[in-house]
Amino acid sequence: MRRTLKFLLSLAVALLVMVIFRAVGLTLYTIDGDGLSPRFVAGDRVLVNRWSYGLRVGGGDSSFFGYGRLWRQPVEKGDVLAFEHPTEGDIVICRCKGLPGDTLEVSGETLIVPCLKDCADADYYWLESINRDNPVDSRLLGFVSEEYIIGRVVMIAYSHDPSAPFWSGWRKERFFR
């Protein structure tokens with residue numbers, strides 16, 4: 001009985017540590033479309049570092065506390081990052097093309113990336129997919145608030161062709177890239 005209790009306690013602690021680590025450390029997201037091809041393809045599982053820009057706290061409509069980041073770090077131009085779709089809540093992977101205060105030219109139009117520190121708690125970024133035929137990015141959504149940014153994509157952990165059965169379709173050449 002004592003051995004079983006020790007085993008169950010150890011298992012519960014391990015699960016708790018895993019959940020906490022995933023919630024505040026590193027997490028996996030699946031690339032669903034081809035917006036970032038050829039660098040990322042559908043079926044890639046990417047590892048995202050939630051601490052890369054500081055740990056998100058608060059924010060959202062249901063939060064008691066306002067949005068903030070602990071140990072905040074700046075988003076760099078060219079970073080590939082994960083963010084929450086502002087209206088649908090889906091996770092989107094894009095590259096940062098414009099920082100607050102930048103001037104951009106998109107399809108002949110000049111855009112200024114707003115820096116609204118005086119009237120908002122977060123900066124805004126221009127985020128784009130690599131594949132211009134799939135614009136689930138700032139061309140569709142507009143400027144993305146820092147509040148929605150989850151973290152920087154660190155690497156491809158593994159990849160599986162979504163159209164293949166589970167036992168085949170593993171892309172070994174894309175593991176840990």
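We use all heavy atoms of the structure for the numbers below, so side chains are in, but hydrogens, waters and symmetry mates are not. The first residue of the sequence shown is numbered 1, and numbering continues consecutively from there. The structure presented is a predicted model; accordingly, all values stated were derived computationally and were not measured.
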Next item on the list: Evaluate the ring planes of Trp126 and Phe143, with Trp represented by its six-membered ring, and classify them as parallel (under 30°), tilted (30 to 60°) or perpendicular (over 60°).
Entry: perpendicular

Note to self: Closer than 4.0 angstrom, basic N to acidic O: yes or no for Arg171 and Asp161?
What the structure shows: yes

Notebook entry, point to check: Can you find a pair of side-chain heavy atoms, one from Ile149 and one from Glu84, that are under 4.5 Å apart?
Noted result: no

Check: Do Arg152 and Val80 have side-chain heavy atoms sitting under 4.5 Å apart?
Finding: no

Checklist line | For Trp71, ring-ring contact (aromatic ring centres under 6.0 Å, His included) partners two or more places apart | finding: Trp51

Item checked: Qualifying residue, where the test is side-chain contact (heavy atoms from CB on, under 4.5 Å) with Leu47 and the options are Ile156, Thr27, Leu28 -> Leu28

Notebook entry, point to check: In terms of side-chain geometry, is the basic nitrogen of Glu146 or Arg72 positioned less than 4.0 Å from the acidic oxygen of its partner?
Noted result: yes

Note to self: Do Phe7 and Leu15 land in one hydrophobic cluster if side-chain heavy atoms of ILVMFWY residues count as linked below 4.5 Å?
What the structure shows: yes

Check: Taking C-beta and beyond as the side chain, do Val46 and Phe40 meet within less than 4.5 Å on heavy atoms?
Finding: yes

Note to self: Is there a side-chain contact between Val144 and Tyr124 in this structure, where contact means two heavy atoms from C-beta onward sitting under 4.5 Å apart?
What the structure shows: no

Note to self: Can you confirm whether Leu8 sits close enough to Thr4 that some side-chain heavy atom of one is under 4.5 Å from a side-chain heavy atom of the other?
What the structure shows: yes

Notebook entry, point to check: What is the distance from atom CZ of Arg95 to atom CZ of Arg39, rounded to the nearest 0.5 Å?
Noted result: 5.0 Å

Note to self: Pairing donors with acceptors under 3.5 angstrom, does anything connect the side chains of Tyr53 and Asp79?
What the structure shows: yes

Next item on the list: Give, for atom OG of Ser159 and atom CD of Glu173, the distance between the pair rounded to the nearest 0.5 Å.
Entry: 7.5 Å

Next item on the list: Assess whether side chain to side chain contact (heavy atoms under 4.5 Å, CB included) is satisfied between Arg174 and Val41, documenting all intermediate values.
Entry: CA-CA 10 Å; Arg174 299 187 65 77; Val41 297; 3.7 Å; yes

Check: Which atom names give the shortest non-hydrogen contact between Pro162 and Gly43, and what distance separates them?
Finding: CD-CA, 4.0 Å

Note to self: Using side-chain heavy atoms (C-beta onward) and a distance below 4.5 Å, is Tyr29 in contact with Val153?
What the structure shows: no

Check: What's the spacing between His160 NE2 and Trp167 CH2 if we round to 0.5 Å?
Finding: 9.0 Å

Checklist line | Spatial distance of atom CD1 (Ile93) from atom CZ (Phe83) [nearest 0.5 Å] | finding: 9.0 Å

Checklist line | Nearest atoms (heavy-atom pairs only) where Leu26 meets Asn49 | finding: CD2-CA, 3.4 Å

Check: Would you call His85 and Leu141 a side-chain contact if the rule is heavy atoms closer than 4.5 Å?
Finding: yes

Note to self: What's the separation between atom CZ in Arg45 and atom CZ in Phe175, rounded to the nearest 0.5 Å?
What the structure shows: 11.5 Å

Next item on the list: Answer whether the closest heavy-atom distance between the side chains of Leu81 and Cys96 falls below 4.5 Å.
Entry: yes

